[in-house]
Amino acid sequence: MAHRFIVGEDPHGALPVLERLHRRGILASVDLLGEATVSAAEADVYAARCAAALDELAAAHARWPGAPEANLSVKISALTPLLRTAAPERGERDAAERLRPLLRRARDRGAHLHVDMESLDSREAVLELVLALLAEPELAHGPSAGIVLQAYLTDSSETLDRVLVWAREVEREPPLVVRLVKGAYWDHEVVEARQHGWAPPVFEVKAECDRNFERLTQRLLDARPAVRVAVASHNLRSVAHAIAYDELAGRPHELELQILRGLGDDLGTALAARGQRVRAYCPVGDLVAGMAYLVRRLLENTANDSFLADQARGVALEELLAAP
Ligand code: FDA
């Protein structure tokens, strides 16, 4: 099962898959598996793996005719053992020591660095850290970089306000990429909130989450060119809505659609054949490092409220494509 989702044990081993995707017109973002680091030494090892991956991927992309920039996704919880909700600044400071050199390296290799979003307890640290580093004068004109917005959070609209204010003030070139997702930690957020007797920070009705995803899609597409937009979903309705809204707007700037390797392969191929810009998120690493990732994919595939599960159950297309 792991081989369906994980494209190689290391970036070098992943190159044949990445090259095949490139030949089929599909871009990739390599995710070095690893998260929730517990020591500084472990965080240093992850940062060194990221640096080596940037070198390897940038060199490979330079060899492939017509290949765009290399693209690496990283997790801040793997770059510092000090992420704590109550003291986000400590984690931010520590992670900055490892993220800044990676951003410089990505800039020097002409690569894109994308920072994934994890559970809510680290959101503040991740956002503050990335937006602060990308506004530093030495990084203001590169590398190409991005963050993630999670539509399942009930306050995600306010988070987007904050990102757009930043994007318009900093006027970074190239503009920040915002990858819109629903969010992969739904069960964790609900259980954590219940344990503490808090109101869950996520929508609890799936249609509300889907409606919010569509609202945020429209706001993001309208905010171009202050940001570049990537819509990441396997839900045909959510993806079709993004394409339709983009077409209504006259496709003024390219919309990128993103899928997970192993879950959205057919969708990605169909979208690329339609002339859409498509990127597959390709995890790389060994099975132990990938365990948390695989568990999230399992939860996603077996959840009661999931587009892919409904599709597999044979729900009619009209129903699948209906407005949420
Ligand atoms: P679908 O429409 O089936 O939505 C499923 C989602 O709905 C669940 O994952 C959950 O968010 C939400 N949901 C489920 N039950 C619900 C309920 N009862 N009430 C309200 N909402 C409910 N995730 C992340 O957190 N950080 C990241 O950085 C990334 N990065 C990333 C990159 C790429 C390229 C992709 C394709 C995906 C991610 N993800 C992610 C994972 C992403 O969050 C996950 O794949 C999606 O939530 C699945 O949503 P779909 O639109 O595909 O399906």
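In each ligand, atom 1 is the first atom listed, and ligand 1 is the first ligand listed. These values consider heavy atoms only, across backbone and side chains, with no hydrogens, waters or symmetry-generated copies. Keep in mind that this is a model prediction, so the values were computed, not measured.
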* To do: Give the single entry among H234, E300, E189 that approaches atom 44 (C) of ligand 1 most closely by any heavy atom.
  => E300
* To do: Please determine if I259 has a nitrogen or oxygen closer than 3.5 Å to a nitrogen or oxygen of ligand 1.
  => no
* Per-residue contact class, E204 against ligand 1 - non-hydrogen pairs under 4.0 Å -> backbone
* Heavy atom of the protein closest to atom 15 (N) of ligand 1 (residue, atom name, distance) -> D305 CB, 3.5 Å
* Asked: Which distance, rounded to the nearest 0.5 Å, do you find between the CG of L271 and the CD of E256?
  -> 11.5 Å
* Which atoms of ligand 1 have any heavy atom of S233 under 4.0 Å away? -> 50 (P), 51 (O), 52 (O)
* Selection from D210, D116, V181, T154 by shortest heavy-atom distance to atom 29 (C) of ligand 1 -> V181
* To do: Pick one of side chain, backbone, both or neither for how V148 approaches ligand 1, counting any non-hydrogen atom pair under 4.0 Å.
  => side chain
* Asked: Judged by modelled atom types alone, do R179 and S29 share a side-chain donor-acceptor pair under 3.5 Å?
  -> no
* Could you tell me which atoms of ligand 1, counted from 1 in the order shown, lie closer than 4.0 angstrom to a heavy atom of N235? => 2 (O), 51 (O), 52 (O)
* Asked: With backbone taken as N, CA, C and O and side chain as the heavy atoms from C-beta onward, which portion of L263 lies under 4.0 Å from ligand 1: side chain, backbone, both, or neither?
  -> neither
* Structure fact -> Output for pair (L21 CG, R279 CZ), nearest 0.5 Å, gives 11.0 Å
* Asked: ligand 1 versus V202, non-hydrogen atoms closer than 4.0 Å: side chain, backbone, both, neither?
  -> neither
* To do: Just need the protein heavy atom nearest to atom 13 (N) of ligand 1, so name the residue and atom and give the distance.
  => K206 CD, 3.7 Å
* Asked: Are D210 and K182 close enough for a salt bridge, meaning some N to O gap below 4.0 Å?
  -> yes
* Structure fact -> Short version for R179: what comes under 4.0 Å of ligand 1, heavy atoms counted, is side chain
* Asked: Among protein heavy atoms, which sits nearest to atom 21 (N) of ligand 1, and what does the distance come to when rounded to 0.1 Å?
  -> C209 CB, 3.4 Å
* Point-to-point distance, once rounded to the nearest 0.5 Å, from CG of L113 to CZ of R107 -> 12.5 Å
* Asked: Under the 3.5 angstrom rule, does the side chain of Q311 hit a backbone N or O of S306 as a donor-acceptor pair?
  -> no
* **NZ/NE/NH1/NH2 to OD/OE distance under 4.0 Å, E158 and R162** => no
* Closest approach of any protein heavy atom to atom 37 (C) of ligand 1, naming residue and atom -> L260 CD2, 3.7 Å
* Mind telling me whether H22 and W64 have parallel, tilted or perpendicular rings, with 30° and 60° as the class edges? => parallel
* Asked: Which residue holds the protein heavy atom closest to atom 49 (O) of ligand 1, what is that atom called, and what is the gap in Å?
  -> K182 CD, 3.9 Å
* **R211 bridged to E214 by N-O distance under 4.0 Å** => no
* State, without any angle test, whether T269 and R24 hold a side-chain donor-acceptor pair at a distance under 3.5 Å. => yes
* Candidate with minimal heavy-atom separation from atom 8 (C) of ligand 1, of G183, S29, A280 -> G183
* Structure fact -> For A232, the ligand 1 atoms with a heavy-atom partner under 4.0 Å come out as 33 (C), 34 (C), 35 (C), 36 (C)
* To do: Could you please spell out the steps behind the side-chain hydrogen bond (donor to acceptor under 3.5 Å, both in side chains) verdict for R90 and T80?
  => CA-CA 9 Å; R90 278 187 73 207; T80 173; over 6 Å; no
* Subset of ligand 1 atoms that lie under 4.0 Å from at least one heavy atom of Y281 -> 32 (C), 34 (C)
* What do the steps show when you test S73 against H114 for side-chain hydrogen bond (donor to acceptor under 3.5 Å, both in side chains), and what is the final call? -> CA-CA 5 Å; S73 289; H114 213 100; 5.6 Å; no
* Asked: With a cut-off of 4.0 Å, which atoms of ligand 1 are near a heavy atom of Y185?
  -> 25 (O)
* **Numbered atoms and elements of ligand 1 in range of Q258, under 4.0 angstrom, heavy atoms** => 34 (C), 36 (C)
* For atom 22 (C) of ligand 1, the protein heavy atom that lies nearest, with its residue and separation -> W186 NE1, 3.6 Å
* **NE2/H253: more than 12 non-hydrogen atoms of other groups inside 6.0 Å** => yes
* Of the backbone atoms (N, CA, C, O) and the side-chain heavy atoms from C-beta on, which set of F307 has a member under 4.0 Å from an atom of ligand 1: side chain, backbone, both, or neither? -> both
* Should the pair H196 and W198 be assigned to parallel (<30°), tilted (30 to 60°) or perpendicular (>60°) ring geometry? -> parallel
* **Heavy atom of the protein closest to atom 20 (C) of ligand 1 (residue, atom name, distance)** => F203 O, 3.0 Å
* **Electrostatic pair R274-E247, nearest N-O below 4.0 angstrom** => yes
* What residue and atom, counting heavy atoms only, is the protein's closest point to atom 27 (C) of ligand 1, and at what distance? -> M117 O, 3.5 Å
* **Residue portion contacting ligand 1 (non-hydrogen atoms closer than 4.0 Å) for Q150** => side chain
